[in-house]
Amino acid sequence: MSKSKDFLRTIVENDLKSGKYKEIVTRFPPEPNGFPHIGHAKSIIINFGIANDYQGHCNLRMDDTNPTTEDTKYVEALKDAVEWLGFNWGDSICFTSNYFSKLYDYAIELIKMDRAYIDSLSEDEIREYRGSVTKSGKRSKYAERSIEENLDLFERMKKGEFKEGEHVLRAKIDMSAANMKMRDPLLYRIKHAHHFRAGDEWSIYPMYDFAHCLSDYIEGVSHSICTLEFENNRDVYNWVLDTLGLELPHPHQHEFARLNINYTVMSKRKLLELVQGGQVSGWDDPRLPTIAGYKRRGYTPESILNFCDQIGIAKANSMVDISQLEFCIRDDLNKKAPRVMCVLDPLKVTIENYKGREVIDAPYYPDDIAKDGSREMPFSNEIYIDRNDFMEQPPKGYYRLTPQQPVRLKHAYIIKCKEIIKDANGNISEIKAEYYPESKSGCDSSSIKVKSAIQWVEAKQAKPVELRLYDRLFKDEAPEGLEDINPNSLQIIKDALIEPAVVSDKFDERFQFEREGYFYADPIEYTDTNPVFNKIVGLKDSWNKKKKTTSNTPKCPIKKAQIDGEVIPMSTKQQGLFSRYTIDLGLNSEVANTLARDETLSNFYEKTLKKLHSPVALANIVVNEVARELKQVQVDELKFNAEQISELIKMIDDEIVSSKIAKQIFEQMAKTGENPIQIVEDKGLIQISDPAKILPIIDEIIIKNPDNVAKFKAGNSKLLGFFIGQVLKNTNGKANPKIVNTLVIERLK
RNA sequence: UGGGGUGUCGCCAAGCGGUAAGGCACUGGUUUUUGGUACCAGUAUUCGGGGGUUCGAAUCCCUCCACCCCAUCCA
């Protein structure tokens with residue numbers, strides 16, 4: 001856990017520390033209308049992970065408020081995903097549909113408070129009345145219905161007396177809110193649909209904005225973590241809980257950026273399209289980023305967990321490179337998977353000087369993996385090697401078998417090529433070779449040096465095996481649609497040859513096929529007579545890469561030209577202030593500009609000026625520090641006043657305190673409203689300017705950090721900040737930084 | 001365009017006024033009976049741009065720019 005904390009855990013820790021919540025409760029709240037994908041995995045890992053880290057609890061909740069799209073089979077897939085990733089949801093899973101009657105009661109409460117009403121506008125009218133992002137909306141005339149009428153209508157909606165679309169329940173908030181989500185959001189709609197759990201009991205179903213916050217509340221959730229697109233919904237979330245006057249503490253919503261990975265799609269809609277359109281074989285197609293797909297392909301839960309841990313959690317929309325995921329599965333399997341030999345594209349080799357046959361005992365793991373186990377490999381004069389591992393006219397740097405270059409058969413002998421047999425088309429059909437009898441693996445006395453060891457299988461006893469090689473589903477990094485599909489995303493090899501022990505021993509279900517990649521016995525279609533392996537991921541291949549990079553695309557760091565937008569011109573009044581500030585008071589134009597354009601700020605500034613004639617220093621603190629406070633609160637809410645600011649500046653002018661300390665004092669003033677002079681007295685913040693006091697500290701630091709001294713002397717001037725920082729730290733910030741600065745430079749000369 | 005967010009290496013991502021973490025990718029080298037693994041080394045004079053404040057700014061202030069989300073009776 002040396003890794004730095006993500007922002008959600010920081011929030012959780014602060015909330016725990018401040019006592020806002022006694023216990024951490026999170027939830028993973030998918031809608032059961034599709035198969036979960038790796039983006040859900042990220043959410044699962046965040047929610048369950050945080051609950052685990054802080055001894056809390058995470059609910060698995062099906063957000064089943066839309067009966068027309070949801071189904072039990074998705075519930076099962078979701079449960080399976082959570083379980084596979086190794087998390088536990090406790091006694092039972094939650095369903096929003098369990099709360100339908102509670103939710104209904106809350107809605108009635110809202111109606112009784114006159115904070116919700118039955119609207120009878122048509123769907124189109126509702127849309128029209130909502131306005132747009134730039135135009136405010138207008139409220140429906142039905143908003144004026146009496147509470148009694150609303151209550152009556154709502155009950156009849158529930159009973160199913162109306163057709164779909166005839167009425168809806170809406171919150172009464174603000175039709176001209178800048179946040180579109182707050183323009184009287186819909187709370188309930190009529191749906192005469194069969195719900196996969198609630199059956200036909202309900203004719204009305206709650207909307208997300210109403211159901212979600214209340215479900216969280218009902219379950220005692222403390223941190224309701226969702227993705228960025230719900231940021232605007234947070235206002236509604238809080239409105240519902242606040243308006244109902246629910247007992248504190250309320251749950252709080254926090255948003256993070258959803259996961260995107262290049263060369264794939266992550267939206268449920270697009271995934272559904274691929275499945276329904278037959279572009280893939282189903283939700284568990286190994287090319288899909290679904291949990292079912294990864295599982296079928298052979299990914300381990302650990303690799304997904306690790307991946308999510310590596311990519312972190314933040315609020316910036318981002319696109320993670322697929323190579324990061326591939327690294328994680330390789331990294332995991334490298335430690336776990338037994339190595340075996342499989343020849344994807346067999347080329348027959350006859351070893352002419354080898355007689356008889358033998359059985360070689362070959363370990364499953366290489367020396368650098370501390371695991372035991374071995375299998376028997378038959379060997380004879382007829383074997384197969386991969387067609388790639390022989391070249392008649394090799395390029396420079398080719399390590400494998402050539403007419404001139406011998407090669408080792410892994411775990412067996414060194415062979416050399418004697419003759420190349422070709423068919424009528426000139427294709428190589430067989431190699432005649434010779435072996436070196438004294439070169440056997442483990443007891444090699446031949447002293448022949450070879451550049452590499454290749455995989456092979458014995459011809460008679462090798463088993464045919466079907467291999468399914470997967471490539472990325474899309475050829476485009478950010479695919480838009482079906483036209484971006486990679487036509488070669490699936491390659492099936494029917495006649496690969498594998499060593500017999502893999503099928504007979506069943507040592508494991510995931511293997512590394514040496515020099516090829518990691519493969520997984522297909523959990524559904526594998527049989528002993530027709531073994532099928534899915535390629536999980538290839539090994540890194542620096543040879544292949546080297547060949548490709550010859551036609552490297554040169555990097556052209558085209559920097560987009562920054563366009564400077566137009567600045568709104570100043571009013572005449574502002575211009576007057578501006579020239580007074582620059583000409584009469586000698587402020588720089590930037591500070592004067594900021595001041596002149598901001599009336600609150602300039603008023604405040606004028607007041608400080610009355611107490612102290614130090615126009616530049618006062619302007620700086622007002623523009624930089626006071627402005628920050630004013631972003632949070634109104635002027636009349638400020639804890640400090642202009643007079644105190646003048647006092648603070650006076651102390652800087654009189655060199656009683658340094659500007660660094662002044663910031664510290666200012667922060668305290670902003671927090672408590674204490675008088676600056678009082679703060680200085682209480683804390684003894686008077687600055688130290690006496691070189692006699694500072695020098696010994698500098699010398700001590702110089703002795704303690706010989707490396708940095710050397711670096712500094714070698715020209716690393718950035719280190720000046722380090723030394724000054726150290727001195728300031730040693731004096732609790734009280735040393736006069738200007739003096740420290742000159743003293744340090746002098747000492748290190 | 002109103003509102004809400006986000007910009008730190010090719011891709012993720014720490015950092016919250018005092019030497020620009022880490023991972024992936026990439027490039028060298030060492031070890032290796034996997035062109036794998038492991039190990040070592042290299043890789044941002046600079047944090048979207050421009051100003052300002054400060055002894056000192058990725059961090060504070062101003063301003064501009066770019067991208068994402070919001071006008072489903074979806075979630």
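Every value quoted in this text rests on a predicted model; they were computed, and no experiment measured them. Residue numbers begin at 1 in each chain, while the letters A, B, ... track the order of the sequences.
- Among the atoms of the strands shown, only primed sugar atoms or phosphate atoms (P, OP1, OP2) are found under 4.0 Å from some heavy atom of A/Ile313.
- Within 4.0 Å (heavy atoms only), A/Leu333 reaches no atom of the nucleic acid at all.
- Take A/Lys181 and apply the side-chain hydrogen bond (donor to acceptor under 3.5 Å, both in side chains) test, not counting sequence neighbours, and it matches no residue.
- Within 4.0 Å of A/Lys631, counting heavy atoms only, lie sugar-phosphate atoms of the nucleic acid but no base atom.
- At a cut-off of 3.5 angstrom, counting only N and O atoms as typed in the model, there is a donor on one side and an acceptor on the other between the side-chain of A/Ser441 and the base of B/U33.
- Among the heavy atoms of the strands lying under 4.0 Å from A/Ser122 is at least one base atom, whether or not backbone atoms are also near.
- Here B/U72 is in the syn range [glycosidic angle within 90° of 0].
- Ring-to-base geometry does not place A/Tyr208 in a stacked arrangement with B/A75 (centre distance under 5.5 Å, plane angle under 30° required).
- Note on A/His411: a base of the nucleic acid sits closer than 4.0 angstrom, heavy atoms only.
- With hydrogens and angles left out, the side chain of A/Lys440 and the base of B/U33 share no donor-acceptor pair within 3.5 Å.
- Remark: A/Glu255 engages A/Arg234 in a salt bridge, criterion side-chain N to carboxylate O under 4.0 Å.
- For A/Gln574 and B/U63, the CD to P distance is 12 Å, given to the nearest whole Å.
- In this structure B/G35 sits in no base pair that meets the Watson-Crick or G-U test at under 3.5 Å.
- Atoms CE (A/Met266) and P (B/C12) sit 13 Å apart, rounded to a whole Å.
- Residue A/Lys660 has its side chain nearest to B/G56 when only B/U53, B/G56, B/G36 are considered.
- The C1' atoms of B/A71 and B/C11 are separated by 34 Å, rounded to the nearest whole Å.
- Side-chain atoms of A/Phe327 lie closest to B/C24 of the nucleotides B/A14, B/C24, B/G49.
- Of the candidate nucleotides B/C64, B/G23, B/A20, B/G23 has the atom nearest to the side chain of A/Gln324.
- For the C1' atoms, the distance from B/C16 to B/C74 is 38 Å, rounded to whole Å.
- In this structure, A/Asn624 places its CG atom 13 Å from P of B/G56, rounding to the nearest Å.
- A heavy-atom distance below 4.5 Å is found between the side chains of A/Ile414 and A/Ser446.
- In this entry the distance linking CD1 of A/Ile261 with C1' of B/G10 reads 17 Å, nearest Å.
- Summarising the geometry, the separation between CG on A/Leu595 and P on B/G51 is reported as 21 Å, rounded to the nearest angstrom.
- Out of B/U19, B/C26, B/G36, the shortest distance to the side chain of A/Lys545 is found at B/C26.
- The ring of A/Tyr399 lies on top of the base of B/G35, close enough and flat enough: under 5.5 Å between centres, under 30° between planes.
- For A/Arg400 against B/G35, a side-chain-to-base donor-acceptor contact under 3.5 Å is present.
- What separates CG of A/Asn317 from C1' of B/G5 is a distance of 8 Å, to the nearest Å.
- Counting any heavy atom pair closer than 4.0 Å across all strands shown, A/Asn232 reaches a base atom.
- For the C1' atom pair drawn from B/U53 and B/A14, the interatomic distance equals 26 Å after rounding to whole Å.
- Judged by the 6.0 Å distance and 45° axis criteria, A/Lys138 is positioned over the aromatic ring of A/Tyr129.
- Across B/A20 and B/G52, the matching C1' atoms stand 23 Å from one another, rounded to whole Å.
- Comparing A/Gly131 and A/Ile563, the nucleotide of RNA chain B nearest to each residue sits closer to the 5' end for A/Ile563.
- Rounded to a whole Å, the CG atom of A/Asp6 is 18 Å from the P atom of B/C12.
- Across all strands shown, B/U27 is found opposite B/A41 as a Watson-Crick or G-U wobble partner, with both distances under 3.5 Å.
- Here the nucleotide nearest the side chain of A/Gln310, chosen from B/G23, B/G36, B/A25, is B/G23.
- Figure legend. B/A75 is base-paired to no nucleotide; pairs are counted as Watson-Crick or G-U wobble with both atom distances under 3.5 Å.
- None of A/Asp541, A/Asp389, A/Asp386 except one satisfies the salt bridge (Lys or Arg N to Asp or Glu O under 4.0 Å) rule with A/Arg515; the exception is A/Asp389.
- At a threshold of 4.0 angstrom between heavy atoms, the contacts of A/Val133 include nucleobase atoms, whether or not backbone atoms are also involved.
- Taking 4.0 Å as the cut-off between side-chain N and carboxylate O, A/Lys663 and A/Glu625 count as a salt-bridged pair.
- The residue A/Phe712 sits apart from the nucleic acid: no heavy atom pair falls under 4.0 Å.
- Taking the P atom of each, B/G23 and B/U34 are spaced 26 Å apart, rounded to whole Å.
- Among the nucleotides B/G48, B/C61, B/U72, the one closest to the side chain of A/Arg127 is B/U72.
- Between A/Phe511 and A/Phe519, the ring center distance fails the sub-6.0 Å criterion.
- Annotation: B/U46 and B/A21 have their P atoms spaced 15 Å apart (nearest Å).
- Looking at heavy-atom distances under 4.0 Å, A/Lys451 makes no contact with the nucleic acid at all.
- Looking at the side chain of A/Ser542, the nearest of the listed nucleotides B/A71, B/G35, B/G51 is B/G35.
- Counting non-hydrogen atoms under 4.0 angstrom, A/Phe307 reaches nothing in the nucleic acid.
- Here B/C67 sits opposite B/G5 as a Watson-Crick or G-U wobble pair (both hydrogen-bonding atom distances under 3.5 Å).
- Considering only the side chain of A/Pro366, B/U34 comes nearest among B/U54, B/C74, B/U34.
- Atom CZ in A/Arg628 sits roughly 5 Å away from atom C1' in B/C60 (whole-Å rounding).
- Listed nucleotides B/C65, B/G36, B/U63 differ in distance to A/Gln562; the shortest reach to its side chain belongs to B/C65.
- Closest to the side chain of A/Ser4, from the set B/G35, B/G3, B/A14, is B/A14.
- Separation of the C1' atoms belonging to B/U59 and B/C47 is 10 Å when rounded to the nearest angstrom.
- Contact annotation for A/Arg130: backbone-only contact, meaning every heavy-atom pair under 4.0 Å involves sugar-phosphate atoms and none involves a base.
- As judged by a 4.0 angstrom heavy-atom cut-off over every strand, A/Gly442 is placed among the base-contacting residues.
- Pair assignment for B/A13: none, as no Watson-Crick or G-U wobble contacts are both less than 3.5 Å.
- Residues A/Phe230 and A/Tyr237 keep their aromatic ring centres 6.0 Å or farther apart.
- In this structure, A/Val168 reaches the bases: a heavy-atom distance under 4.0 Å links it to at least one base atom across the strands shown.
- Residue pairs meeting the side chain to side chain donor-acceptor pair (under 3.5 Å) criterion with at least one partner in residues 717-726 of chain A, sequence neighbours excluded, do not occur; the list is empty.
- Within 4.0 Å of A/Glu514, counting heavy atoms only, lies at least one base atom of the nucleic acid.
- Each of A/Phe154, A/Tyr117, A/Phe162 was compared with A/Tyr188 under the ring pair (Phe, Tyr, Trp, His ring centres under 6.0 Å) criterion, and only A/Phe154 meets it.
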